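All values reported here derive from a predicted model rather than from experimental measurement.
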Number of protein chains: 2
Amino acid sequence: MRISTKGGYGIRAMYELAMAHGQGPVPLKVVAEKQALSENYLEQLMGTLRKAGLVRGVRGARGGYELARSPEAISVGDVIRALEGPIAPVSCVDLDAEADCERHASCPTRGVWERLRDSMIEVLDSTSLADLCKEVPQDAAPDDSGKGHC
Amino acid sequence: MRISTKGGYGIRAMYELAMAHGQGPVPLKVVAEKQALSENYLEQLMGTLRKAGLVRGVRGARGGYELARSPEAISVGDVIRALEGPIAPVSCVDLDAEADCERHASCPTRGVWERLRDSMIEVLDSTSLADLCKEVPQDAAPDDSGKGHC
DNA sequence: GCTAATTCCGACCAACTTACTAGGAATTAC
DNA sequence: GTAATTCCTAGTAAGTTGGTCGGAATTAGC
C-alpha cells in the first residue's frame, strides 16, 4: 500500500513550484537541488505533469516550470493521479475505468475497497498545494524565508 | 496506489475460510476452486498468513486451513498487513518502523501522508472478516447457501 | 502398514515496474 | 552566437509480481 517515489517526488517538486508561484518559471536544476532529487529523473516526471495540464514548461534560457493553475486549485490528488494513475486500491473500484468485473454484484470484498477508495480520495483531494505551503510547522530553517508566498 | 493481487487473493481466501468457520479445515483445493485462484500461488500466501498467526494449517488427508481466531477478531487490515507490509503511503509515516527521516519536522508533505495513512487504517481495521460475510448484498447464487454461517 | 490427500518448503522463472542515466534536438534570453 | 533550458527517446540494473514445479513430511482411513 505504498505510493512510489514518483508520487512523492512529484509532490515535493510541486511544493517548490507552489512556493515560487507568481515569480516566474523555476528551472528544474533549482527544484532538484532544493529537494535533493535527480534532475534527470525529475525531468521525466515533469513531462508527465505537463501533459496532465498541471504545469507549464517555459523553454530556453531563463526558462523553467511553473504551475498551470494557482496552488489553491491543484490538489495532492491531482498530482498523484497524474503520476500514479487512478486512486483505487483494486482496479474493479476504479471510478474512471469502472465496470467489467463479472461477479461485481455478489462480491463480498467490493464494499471495503470502495470505502477505502473513498477515504483516500477524500484526504488527497481536500488537500491543495497551498495547504502544504501553510502546513510546515516550526519553520526554523532560514533557507528561502521571506520569499515563499504561495 | 494499488494493493497487489496478494492482498486481494488473501482477502478472498480468508473470506472462504470465514464462511466455513467452525466446520473443520478447508483444503486449499476447495478455496482455489471457489475463488478461481492458482492453488500453488495460494499455497505461498497461506504460508505467510500462517506465519502471521492468522490461520492454522492441518496437515495430512482431511487436512486444510482454518482461521486461527473467530472471523470477528480478524480485520481486513490484519490480512493486508501480513501480505503487503505495513499500511503507510510512504515509508516515513510507517507507524511500525517510524523515525529516521532527517527533515521530518520541517517536511511540508508529512501531514497529508499521515492523514492518508490514518484514514486507510481506520477503514481497514474497522472491517472484519465477519463483516465481509454479512456484506454480500443480493445473494442470488445458490452455490453453498445455507451452510455458510460465519 | 499402505495409500491418498494434504500441508510445507525451496527453487526457479518470465514479465513488469522502478528509479534512474545518457545523449541529443529544439527553443529562447541575453 | 552562446548559454541555459525544456523536450524526447533509449537504455538499464535491480526489485517485485504472479506464478510453476518438484519433492518431503504428515495424517486419515482402509
Novice: D:dT27 phosphate, OP1 or OP2: any side-chain N/O from B:Arg62 under 4.0 angstrom?
Specialist: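 It does not, given that no N or O in the side chain of B:Arg62 lies less than 4.0 Å from OP1 or OP2 of D:dT27.
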Novice: Quick one: B:Arg2 CZ to C:dT18 P, roughly how many Å, whole number?
Specialist: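 For the pair B:Arg2 CZ and C:dT18 P, the rounded distance is 12 Å.
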Novice: Going by distance alone, is a donor N or O of one side chain under 3.5 Å from an acceptor N or O of the other, for A:Asp78 and A:Ser75?
Specialist: yes
Novice: Calculate the interatomic distance between A:Leu37 atom CG and C:dT18 atom C1'; express it in whole Å.
Specialist: 15 Å
Novice: Among residues at least two apart in sequence or on other chains, which ones pass side chain to side chain donor-acceptor pair (under 3.5 Å) with A:Ser70?
Specialist: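 A:Ser70 satisfies side chain to side chain donor-acceptor pair (under 3.5 Å) with A:Glu72 once adjacent residues are dropped.
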Novice: To the nearest Å, give me how far apart NZ (B:Lys29) and C1' (C:dA4) are.
Specialist: 11 Å
Novice: Between B:Leu49 (CG) and C:dT7 (C1'), how many Å, whole number?
Specialist: 14 Å
Novice: Would you name the heavy atoms of B:Pro71 and B:Ser128 that are closest together and state the gap between them?
Specialist: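 Minimum heavy-atom contact is O-CB, 3.5 Å.
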Novice: Measuring from atom CG of B:Leu132 to atom OH of B:Tyr15, what distance do you get when rounded to the nearest 0.5 angstrom?
Specialist: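 So the CG of B:Leu132 and the OH of B:Tyr15 are separated by 8.0 Å.
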Novice: Whole angstrom is fine here: how far is it from CG in A:Leu42 over to P in D:dT5?
Specialist: 14 Å
Novice: Does a side-chain N-to-carboxylate-O contact under 4.0 Å join A:Arg110 and A:Glu114?
Specialist: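 A:Glu114 and A:Arg110: salt-bridged.
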Novice: How does protein contact run along nucleotides 7-20 of chain D, one letter per nucleotide 5' to 3', with B for base contact, S for sugar-phosphate only, - for none, heavy atoms under 4.0 Å?
Specialist: BB-B------SBBB
Novice: May I ask you to say whether B:Arg115 pairs ionically with B:Asp118, meaning some side-chain N is under 4.0 Å from a carboxylate O?
Specialist: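 No, no charged N to carboxylate O under 4.0 Å.
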Novice: Taking atom C1' of D:dT6 as reference, at what distance in whole Å does atom CD of A:Glu66 sit?
Specialist: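 Taking CD of A:Glu66 and C1' of D:dT6, I get 13 Å after rounding.
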